[in-house]
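To start, the structure under review is shown below, and the notes come after it.
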Amino acid sequence: MKELVFATNNPHKLDEIREITNGKLRILGLNDINCHEEIEETGSTLEENALIKARFVKEKYGYNCFADDTGLEVDALEGAPGVYSARYAGEGCSFADNMNKLLAALQGIEHRTAQFRTVIALVLNGKEYLFDGVIKGTIIEDKRGNTGFGYDPIFMPDGYDETFAELGNEVKNNISHRALAMKKLVDFLLKY
């Protein structure tokens, strides 16, 4: 079984990736390799931020590594919060703070289409690869559901009448932006 480090300290993301890979890969988190440093995301795109994190782990710890960056891109807000999704309401903000700021920004706006986009950067044996996944949907007006994390309670994917937070992890982990990008990564690794 292939072993890879996923450059994240987010336990929700780590659990989600482990569920998506379903035992096909051994996924280590940053804690598993005793990396307790905060890897600063200084890039201006999702691709740049994902590469910064993956390169950091490979260069400093020697592990083949992948990292992701995800953004919620809202059409009425010209793609915001985008690369700043995790800290949309400011440094140290909570998921609720981010959702509240987004809902306030969309107050009175009818056109609420959006997409979640994940980019995964893989640094493997000296080479770099990028994989992406996108799911389109709508930002609803009120939070609904209690599973998932981030913007899940206000994002309703196209073709569904429930938010990510209502669909539950099993459904979400099959259709999400991260799942789509991760499936591309896993398919690549299994053929590699």
Side-chain angles (χ1 to χ4, degrees), residues 4-30 41 45-51 53-54 65-75 77 79-88 94-96 98-99 102-103 106 112-122 129-190:
L4 277 176
V5 172
F6 180 20
T8 187
N9 283 313
N10 183 325
H12 301 290
K13 282 187 180 183
L14 202 51
D15 289 344
E16 190 174 89
I17 289 292
R18 286 176 174 154
E19 283 182 38
I20 291 166
T21 57
N22 195 25
K24 293 177 185 151
L25 302 168
R26 182 160 182 256
I27 307 294
L28 304 174
L30 292 177
E41 297 179 22
T45 66
L46 300 175
E47 291 82 358
E48 288 174 7
N49 281 340
L51 280 165
K53 294 183 282 189
C65 179
F66 69 95
D68 81 320
D69 200 20
T70 294
L72 175 63
E73 300 167 342
V74 180
D75 295 327
L77 302 178
V83 72
Y84 304 105
S85 293
R87 52 198 176 279
Y88 186 48
S94 69
F95 294 145
N98 286 332
M99 279 189 287
L102 182 63
L103 290 173
L106 290 174
R112 299 168 76 93
T113 55
Q115 68 179 20
F116 263 121
R117 191 163 70 93
T118 291
V119 174
I120 295 176
L122 170 67
Y129 306 89
L130 293 171
F131 307 89
D132 71 334
V134 174
I135 186 161
K136 296 185 179 298
T138 304
I139 304 300
I140 63 169
E141 293 186 14
D142 298 301
K143 300 171 195 166
R144 293 187 351 213
N146 53 18
T147 63
F149 62 98
Y151 297 91
D152 288 356
I154 59 172
F155 182 82
M156 185 181 301
D158 286 352
Y160 293 83
D161 58 5
E162 293 179 301
T163 66
F164 268 170
E166 293 173 302
L167 287 170
N169 289 335
E170 189 173 331
V171 173
K172 179 192 168 192
N173 289 345
N174 279 309
I175 66 167
S176 78
H177 46 291
R178 191 169 293 106
L180 296 172
M182 196 64 200
K183 284 175 186 165
K184 291 178 184 176
L185 171 68
V186 170
D187 287 347
F188 171 82
L189 289 169
L190 293 176

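Closest non-hydrogen pair, Thr163 versus Asp152, comes out as CB-O, 3.3 Å. Nearest heavy-atom pair across Val134 and Leu180 is O-CD1, 3.3 Å. Of all the heavy atoms in Asn174 and Ala179, the pair that sits closest is C-CB, 4.1 Å. For the residue pair Ser85 and Asn98, the shortest heavy atom distance occurs at O-ND2, 3.4 Å. Between Cys65 and Leu4, the shortest heavy-atom contact is N-CD2, 4.1 Å. Of all heavy-atom pairs spanning Pro81 and Leu72, the tightest one is CD-O, 3.2 Å.
Counting heavy atoms from C-beta outward, Asp15 and Asn169 have side chains that stay 4.5 Å or more apart. Considering only heavy atoms from C-beta on, Thr70 stays 4.5 Å or farther from Leu46 through its side chain. By the 4.5 Å heavy-atom criterion applied to side chains, Leu25 and Ile17 are not counted as neighbours. Looking at heavy atoms from C-beta onward, Asp69 lies out of side-chain contact with Val119 at the 4.5 angstrom threshold.
Taken from CD in Glu19 to CG in Asn173, the straight-line distance is 5.0 Å, to the nearest 0.5 Å. Here CD1 of Ile175 is found 4.0 Å from CD1 of Ile135. Values are rounded to the nearest 0.5 Å. Remark: Leu122 CG to Leu185 CG distance equals 5.5 Å, nearest 0.5 Å. Taking CG from Asp158 and NZ from Lys136, the interatomic distance works out to 8.0 Å, rounded to the nearest 0.5 Å. The CG atom of Asp187 lies 10.5 Å from the CE atom of Met182; values are rounded to the nearest 0.5 Å. The distance from atom NZ of Lys53 to atom CD1 of Ile120, rounded to the nearest 0.5 Å, is 10.5 Å.
Note on ring orientation: taking the six-membered ring where Trp is involved, the planes of Phe116 and His177 are parallel (angle under 30°, cut-offs 30° and 60°). Using a 30° and 60° split on the angle between ring planes, Phe66 and Phe6 fall in the parallel class, below 30°.
Using a 4.0 Å cut-off between a side-chain N of Lys or Arg and a carboxylate O of Asp or Glu, Lys172 and Glu162 do not qualify as a salt bridge.
For Arg112 (side chain) and Leu106 (main-chain N/O), a donor-acceptor pair under 3.5 Å exists by modelled atom type.
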Pairs of donor and acceptor atoms involving the side chains of residues 140-149, under 3.5 Å and at least two apart or interchain, shall be tabulated with distances.
| unit_1 | atom_1 | unit_2 | atom_2 | d |
| --- | --- | --- | --- | --- |
| Lys143 | NZ | Asn100 | OD1 | 2.8 |
| Arg144 | NE | Glu166 | OE1 | 3.2 |
| Arg144 | NE | Glu166 | OE2 | 3.2 |
| Arg144 | NH2 | Asp161 | O | 3.0 |
| Arg144 | NH2 | Glu166 | OE1 | 2.9 |
| Thr147 | OG1 | Ala165 | O | 2.7 |

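Here salt bridge (charged side-chain N to carboxylate O under 4.0 Å, His left out) pairs that include residues 173-184, with residues two or more places apart or in two chains, are Glu16-Arg178, Asp68-Arg178, Asp132-Lys184.
No more than 12 heavy atoms of other residues, nucleotides or ligands sit less than 6.0 Å from atom OH of Tyr84.
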